Amino acid sequence: AQSVAQPEDQVNVAEGNPLTVKCTYSVSGNPYLFWYVQYPNRGLQFLLKYITGDNLVKGSYGFEAEFNKSQTSFHLKKPSALVSDSALYFCAVRDGVSGNTPLVFGKGTRLSVIA
Amino acid sequence: GAVVSQHPSWVICKSGTSVKIECRSLDFQATTMFWYRQFPKQSLMLMATSNEGSKATYEQGVEKDKFLINHASLTLSTLTVTSAHPEDSSFYICSAASPGGGTDTQYFGPGTRLTVL
């Protein structure tokens, strides 16, 4: 069975500084990895995904993530944080390429960007 | 990206009543939709997989007679919480992905906050 770990409940960063939100995964086959962001009382917004190809994936709002197979990690990064990036971030994995396979989510990491 | 809507966005009901939540894919067809539940400050937990034209597949521990799922068309899935109780109060979120066609991303609805008094 697949699983995702987000080791940090909370990440605080000053506006303009780089940010990293950590994620490690465990799957039996090939990993298909996703990052979503959730604003208060809202659904999840898709940020980026890794299916295959380049290990560095670029997504929405200037976010990117690096797939590291040896470390089984898929950390989310942004070079310069904005206050508006403050939200709850979820890493997710599934063990099938099809979108008809459900996602397994990490517990989420709350990002707080301080002006 | 694709758009998934949910209705209502929030609902308050009395204990013992039933509540229906709709999930629609607005600009694509979805043979499969997923229903998740999210408690405050917690992650999303998959409740069931909704398949168009067939019975839903429920996750272990989810009562299928309590959480009725109907996926009557390629753009609509409904979740009915029957005989709701306060412990059913939660944030319910659906997601959908296009069948094949190279789209492998699930898109999520905005969620429905259910409060049972």
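Sequence lines set the chain letters: A, B, ... in the order given, protein chains first and strands last, and positions in each chain run from 1. Computed from a predicted model, the values in this text were never measured in an experiment.
Within the 4.5 angstrom heavy-atom criterion, only side-chain atoms of Y36(A), from C-beta onward, approach chain B. Only the side chain of F46(A) comes within less than 4.5 Å of a heavy atom in chain B; its backbone stays farther off.
A single hydrophobic cluster is seen to contain both L76(A) and V93(A), as judged by linkage of ILVMFWY side chains at heavy-atom distances under 4.5 Å, directly or through other members. Each of Y32(A) and Y50(A) belongs to its own hydrophobic cluster when Ile, Leu, Val, Met, Phe, Trp and Tyr are linked at side-chain heavy-atom distances under 4.5 angstrom. No continuous path of hydrophobic side-chain contacts links L88(A) to F63(A) [ILVMFWY only; heavy atoms under 4.5 Å]. The hydrophobic cluster containing V116(B) also contains L79(B), counting ILVMFWY residues as joined when their side-chain heavy atoms lie under 4.5 angstrom apart, directly or transitively. Residue F108(B) is not grouped with residue M33(B) when hydrophobic side chains (ILVMFWY) are merged at heavy-atom distances under 4.5 angstrom, including chains of intermediate members.
One distance of note links CG of L103(A) with OG of S95(B); it measures 6.5 Å at 0.5 Å rounding.
In this structure, Y39(A) places its OH atom where more than 12 heavy-atom neighbours from other residues, nucleotides or ligands lie under 6.0 Å away. Counting non-hydrogen atoms of neighbouring residues, nucleotides and ligands closer than 6.0 angstrom, the NZ atom of K66(B) exceeds 12 such neighbours. The local environment of NZ in K22(A) is sparse, with at most 12 non-hydrogen atoms from other residues, nucleotides or ligands closer than 6.0 Å.
Taking each heavy atom of Q38(A) and F91(B) in turn, the nearest pair found is NE2-CE2, 3.7 Å. Across every non-hydrogen atom of F90(A) and Q38(B), the tightest pair is CZ-NE2, 3.5 Å. The shortest heavy-atom contact between L44(B) and F105(A) is CB-CD1, 4.0 Å.
Against chain A, no residue from residues 4-20 of chain B qualifies, as none has a non-hydrogen atom under 4.5 angstrom away. Annotation: residues 3-11 of chain A contacts chain B through no residue [non-hydrogen atoms, separation under 4.5 Å].
The backbone N or O of G108(A) sits nowhere less than 3.5 Å from a side-chain atom of S43(B) that would complete a donor-acceptor pair.
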